[in-house]
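Below is the structure I would like to discuss, written out as structure tokens.
Everything numeric here is computed off the predicted structure, so don't read it as measured data. All chains are named by letter (A, B, ...) in the order of the sequence lines, taking the proteins before the strands, and each is independently numbered beginning at 1.
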Amino acid sequence: MIVTRFPPSPTGYLHVGGLRTALYNYLLARQQKGRFILRIEDTDRARYVEGAVENIIETLNWASIDHDEGPDIGGPNGPYTQSERLKIYKEKVQFLVEQGEAYHCFCTAERLTEMRERQQAHKEAPKYDRHCLRLAAEEVAKKLNAGEPSVIRHKVPGGKKVSWKDLVRDEVSFDSDLIDDQVLMKSDGYPTYHLANVIDDHSMEVTHVIRGEEWLSSTPKHILLYEAFGWEIPQFAHLPLLLNKDRSKLSKRQGDVAADDYRKKGYLPEALINFIALLGWHPGGDETQEIFSMEELIEKFSLEKVHKGGAVFDLEKLDWINWQWRRRKFDELPGEYEDKLLNLVENEIPANWRDDAELLKRCLKTVAEKVIKEPSTTVENLSFYFKEKVTIDAQLIANEKMKVDLPLAKNSLEKAFEALSAAPESSFDDEEALKTLLLELVEKLGIKNGQLLWPMRVALTGEQFSPGVFELLWALGKERSLERLKSAAESL
RNA sequence: GCCGCGUUCGUCUAGUGGCCUAGGACACCUCCCUCUCACGGAGGAGAUCACGGGUUCAAAUCCCGUACGCGGUACCA
């Protein structure tokens with residue numbers, strides 16, 4: 001059975017790159033009917049951020065990336081938080097020391113810095129000189145007993161070619177001579193990432209390690225550790241990075257990187273998931289589909305189709321995908337169109353706009369496309385309907401392109417007022433009737449459509465952009481419409 | 001510096017030796033619809049497949065080199 005995992009470090013809120021890594025791990029596990037584990041790697045106490053664990057779990061829930069084992073729900077191979085597994089790491093690393101695969105090191109930070117500087121000055125690769133490996137056993141014991149601060153290093157075997165078949169990058173290989181003796185256990189008693197990650201992946205039965213490209217050069221260190229322990233080595237897959245517009249590694253400076261930011265901005269989880277899934281992966285073939293549900297992603301995902309090159313995190317397409325998803329979800333809502341619409345923007349609407357339910361419904365319907373696309377713009381799109389008094393900007397109503405000047409506008413409004421006054425109340429329930437009526441008026445006056453309709457639209461709304469005149473009349477009703485037309489005509 | 005990885009329209013991508021005078025999507029432009037914006041519809045522009053060599057009858061696809069970018073080189077993950 002396939003077991004994948006997502007092991008974030010709680011040094012900040014879950015960012016979109018992490019979300020994508022989690023997603024790919026999740027997709028593979030679900031598709032192969034395997035297990036997906038969430039593990040918290042909190043071994044860096046200095047960078048721990050309060051609330052990060054909660055945010056990570058919440059965001060994954062929001063995105064519908066759910067795990068089968070994790071710190072919040074437990075599982076057979078817990079605990080799933082590394083700070084609670086310290087005993088396990090101590091025990092395992094002790095085994096390595098006894099096997100001669102690892103050794104205590106008492107070198108101070110100063111000595112290490114000095115050593116590296118010297119090596120760099122001689123144009124050598126900075127690498128630990130194994131000073132403490134030459135210490136006699138009694139001496140090590142003595143220092144340990146004296147409580148001298150120390151770390152445990154992996155005695156990385158030299159002269160080996162470490163290679164593996166990466167599921168994304170194919171054959172990758174490193175020369176073990178270039179690999180430093182990694183610190184496995186820090187002097188504060190916490191393991192380093194390398195140690196904890198290998199031990200946990202093994203004890204949690206992880207079969208596929210799918211992670212970001214930044215881990216590529218750590219992988220040989222991990223493989224060597226698996227070998228030192230005598231454990232089976234899992235499959236590795238290294239994902240391409242997410243990039244800024246300038247193709248540097250995605251960073252906070254150039255925009256929002258926390259998945260939470262997108263959630264707060266009102267993006268649908270389906271849209272964000274859809275978008276990041278396509279950043280570095282595509283089902284391929286003749287497939288021209290762009291909108292994928294989680295179910296479709298699970299069905300179609302494959303590591304072979306993951307790209308090697310990084311992808312720029314460019315929001316323009318996200319906006320479009322979000323719009324597609326909004327429309328899709330709106331269409332799938334049960335009930336009548338008007339009720340769905342009202343439901344959708346329920347929370348956006350001020351209390352005093354609800355007095356006249358019929359009016360509100362009609363108004364909403366005229367701006368349906370816009371509020372479905374962006375519910376947060378509901379108020380801004382509707383506010384002109386609920387204004388006490390519409391103020392007319394003469395410069396706006398006199399429109400050169402529309403061949404409308406002030407006297408003509410005034411005349412059009414007066415004629416429209418007359419014609420609509422004479423119309424029965426019921427024709428205001430019928431957009432077609434209004435259209436016929438007004439187009440007849442246009443013909444009678446011998447003017448162009450715009451010469452009547454443009455001034456009317458401005459009179460009814462006071463706005464430059466708005467729904468069309470027939471819709472406006474229908475939504476406002478006879479009384480309000482006439483009132484606005486009259487007051488506009490008088491103001492000119 | 002050293003090690004490793006990468007490179008197809010502005011962006012996301014299709015492409016696994018002939019179907020490629022390189023396809024799709026977003027963004028952009030034009031037109032249509034039209035009383036404005038948006039929506040919708042129809043078109044357009046946009047990539048000498050990073051560059052240079054090979055291999056081959058044939059290369060975006062295979063090989064070598066170069067450039068550029070990125071990652072790593074921590075008692076960070």
Exercise. Are R47(A) and S9(A) linked by a side-chain donor-acceptor pair shorter than 3.5 Å?
Worked result: no
Exercise. Is the distance from OP1 or OP2 of A74(B) to the nearest side-chain N or O of K186(A) less than 4.0 Å?
Worked result: no
Exercise. Expressed in angstrom and rounded to an integer, what is the separation of L184(A) atom CG from C75(B) atom P?
Worked result: 11 Å
Atom pairs under 3.5 Å, N or O on each side, protein against nucleotides 34-37 of chain B: can you list them with distances?
{"residue": "C35(B)", "atom": "OP1", "partner": "N449(A)", "partner atom": "ND2", "Å": "2.8"}
{"residue": "C35(B)", "atom": "O2", "partner": "R457(A)", "partner atom": "NE", "Å": "3.2"}
{"residue": "C35(B)", "atom": "N3", "partner": "V469(A)", "partner atom": "N", "Å": "3.0"}
{"residue": "C35(B)", "atom": "N4", "partner": "V469(A)", "partner atom": "N", "Å": "3.4"}
{"residue": "U36(B)", "atom": "O2", "partner": "R457(A)", "partner atom": "NH1", "Å": "3.4"}
{"residue": "U36(B)", "atom": "O2", "partner": "S466(A)", "partner atom": "N", "Å": "2.9"}
{"residue": "U36(B)", "atom": "O2", "partner": "S466(A)", "partner atom": "O", "Å": "3.2"}
{"residue": "U36(B)", "atom": "N3", "partner": "S466(A)", "partner atom": "O", "Å": "2.5"}
{"residue": "U36(B)", "atom": "O4", "partner": "S466(A)", "partner atom": "O", "Å": "3.4"}
{"residue": "U36(B)", "atom": "O4", "partner": "G468(A)", "partner atom": "N", "Å": "3.2"}
{"residue": "C37(B)", "atom": "O2", "partner": "K370(A)", "partner atom": "NZ", "Å": "2.2"}

For this session: May I ask you to verify if any side-chain N or O of R116(A) is less than 4.0 angstrom from the OP1 or OP2 atom of U73(B)?
Result: no
Exercise. With a non-hydrogen cut-off below 4.0 angstrom, is H307(A) in contact with a base, only sugar-phosphate, or nothing?
Worked result: sugar-phosphate
Exercise. Can we say D170(A) and K308(A) salt-bridge, meaning some charged N sits less than 4.0 Å from an Asp/Glu carboxylate O?
Worked result: no
Exercise. How long is the line joining CD1 of I291(A) and C1' of C26(B), in whole Å?
Worked result: 11 Å
Problem set entry | Same-atom distance (P) from A14(B) to A50(B), integer angstrom | 14 Å
Problem set entry | A67(B) versus U30(B) - spacing of their C1' atoms, nearest Å | 39 Å
Exercise. Less than 4.5 Å apart, any side-chain heavy atom of T192(A) and any of T43(A)?
Worked result: no
For this session: Just call it for T461(A): base, sugar-phosphate, or nothing, with non-hydrogen atoms closer than 4.0 Å on any strand.
Result: nothing
For this session: Go through the side-chain N and O atoms of E296(A) and Q289(A) and say whether any donor and acceptor fall under 3.5 Å apart.
Result: yes
Exercise. When you compare A22(B) with G10(B), how far apart are their P atoms, in angstrom units rounded to a whole number?
Worked result: 15 Å
Exercise. How long is the line joining CD of E171(A) and P of C5(B), in whole Å?
Worked result: 10 Å
Exercise. What distance, rounded to whole Å, do you find between the two C1' atoms, one in U66(B) and one in A25(B)?
Worked result: 34 Å
For this session: Would you indicate, yes or no, if G10(B) has its OP1 or OP2 atom less than 4.0 angstrom from a side-chain nitrogen or oxygen of K317(A)?
Result: no
Exercise. Is the centre of the Y89(A) ring less than 6.0 Å from the centre of the Y190(A) ring?
Worked result: no
For this session: Take atom C1' in U48(B) and the same atom in A60(B), then report the distance between them in whole Å.
Result: 12 Å
For this session: Give the nucleotide from the list A77(B), G15(B), C75(B) with an atom nearest to the side chain of H194(A).
Result: A77(B)
Exercise. Roughly, in whole Å, what's the span from CG in D319(A) to C1' in A25(B)?
Worked result: 15 Å
Problem set entry | Nearest listed nucleotide, side chain of K373(A), among C39(B), A77(B), G10(B) | C39(B)
Exercise. For U11(B), does either OP1 or OP2 sit under 4.0 Å from a side-chain N or O belonging to R247(A)?
Worked result: yes
Exercise. Just to confirm, is there a sub-4.0 Å distance from OP1 or OP2 of A77(B) to any side-chain nitrogen or oxygen of T43(A)?
Worked result: yes
Exercise. Which part of the nucleic acid, if any, lies within reach of G212(A) when heavy atoms closer than 4.0 Å are counted: base, sugar-phosphate only, or nothing?
Worked result: nothing
Exercise. Want to settle it: does K245(A) or R47(A) sit nearer the 5' end of RNA chain B, counting the closest nucleotide to each?
Worked result: K245(A)
Problem set entry | Between R45(A) and S83(A): side-chain donor-acceptor atoms closer than 3.5 Å | no
For this session: Anything under 30° is parallel, anything over 60° is perpendicular, the rest tilted; go ahead and classify Y267(A) against Y262(A).
Result: tilted
Exercise. RNA chain B: W320(A) or P8(A), which has the more 5' nearest nucleotide?
Worked result: W320(A)
Problem set entry | Note, I179(A) side chain near K127(A) side chain (heavy atom, < 4.5 Å) | no
Exercise. OP1, OP2 of G40(B) versus side-chain N and O of R327(A): anything below 4.0 Å?
Worked result: yes
Exercise. Over how many whole Å does the gap from L112(A) atom CG to C75(B) atom P extend?
Worked result: 7 Å
Exercise. G71(B) P sits how many Å from L216(A) CG, rounded?
Worked result: 13 Å
Exercise. Should the pair D256(A)-K265(A) be classified as a salt bridge under the 4.0 Å nitrogen-to-oxygen rule?
Worked result: yes
Seminar exercise, completed: Taking G71(B), G1(B), G24(B) as options, the one with an atom nearest any side-chain atom of E290(A) is G24(B)
Problem set entry | Among A77(B), C26(B), C75(B), the one nearest S218(A) by side-chain distance | A77(B)
Problem set entry | Integer angstrom distance from the C1' of C75(B) to that of U16(B) | 45 Å
Exercise. Which listed nucleotide (U73(B), C39(B), C75(B)) is nearest to the side chain of W323(A)?
Worked result: C39(B)
For this session: Scan V151(A) against the nucleic acid and name what it touches under 4.0 Å (heavy atoms): base, sugar-phosphate only, or nothing.
Result: base
Exercise. Whole Å only: how far is the CG atom of D177(A) from the C1' atom of G4(B)?
Worked result: 16 Å
For this session: Tell me what F174(A) touches on the nucleic acid: a base, only sugar-phosphate, or nothing, going by heavy atoms under 4.0 Å.
Result: sugar-phosphate
Problem set entry | W215(A) and Y193(A) aromatic centres sub-6.0 Å | yes
For this session: Measure from the side-chain heavy atoms of E214(A) and tell me the nearest of G4(B), A77(B), U73(B).
Result: A77(B)
Exercise. Using the C1' atom in both, what is the distance from C19(B) to C64(B), to the nearest Å?
Worked result: 29 Å
Problem set entry | U7(B) versus A47(B) - spacing of their C1' atoms, nearest Å | 13 Å
Seminar exercise, completed: Answer for the Watson-Crick or wobble partner of G71(B), both distances under 3.5 Å, is C3(B)
Exercise. Any side-chain heavy-atom pair from R169(A) and E213(A) closer than 4.5 angstrom?
Worked result: yes
Seminar exercise, completed: Q182(A) CD to A74(B) C1', in whole Å, measures 9 Å
Problem set entry | Nearest-neighbour nucleotide for the H282(A) side chain, C76(B), A14(B), C5(B) considered | A14(B)
Exercise. Touch check for R169(A), heavy atoms < 4.0 angstrom, all strands: base, sugar-phosphate only, or nothing?
Worked result: sugar-phosphate
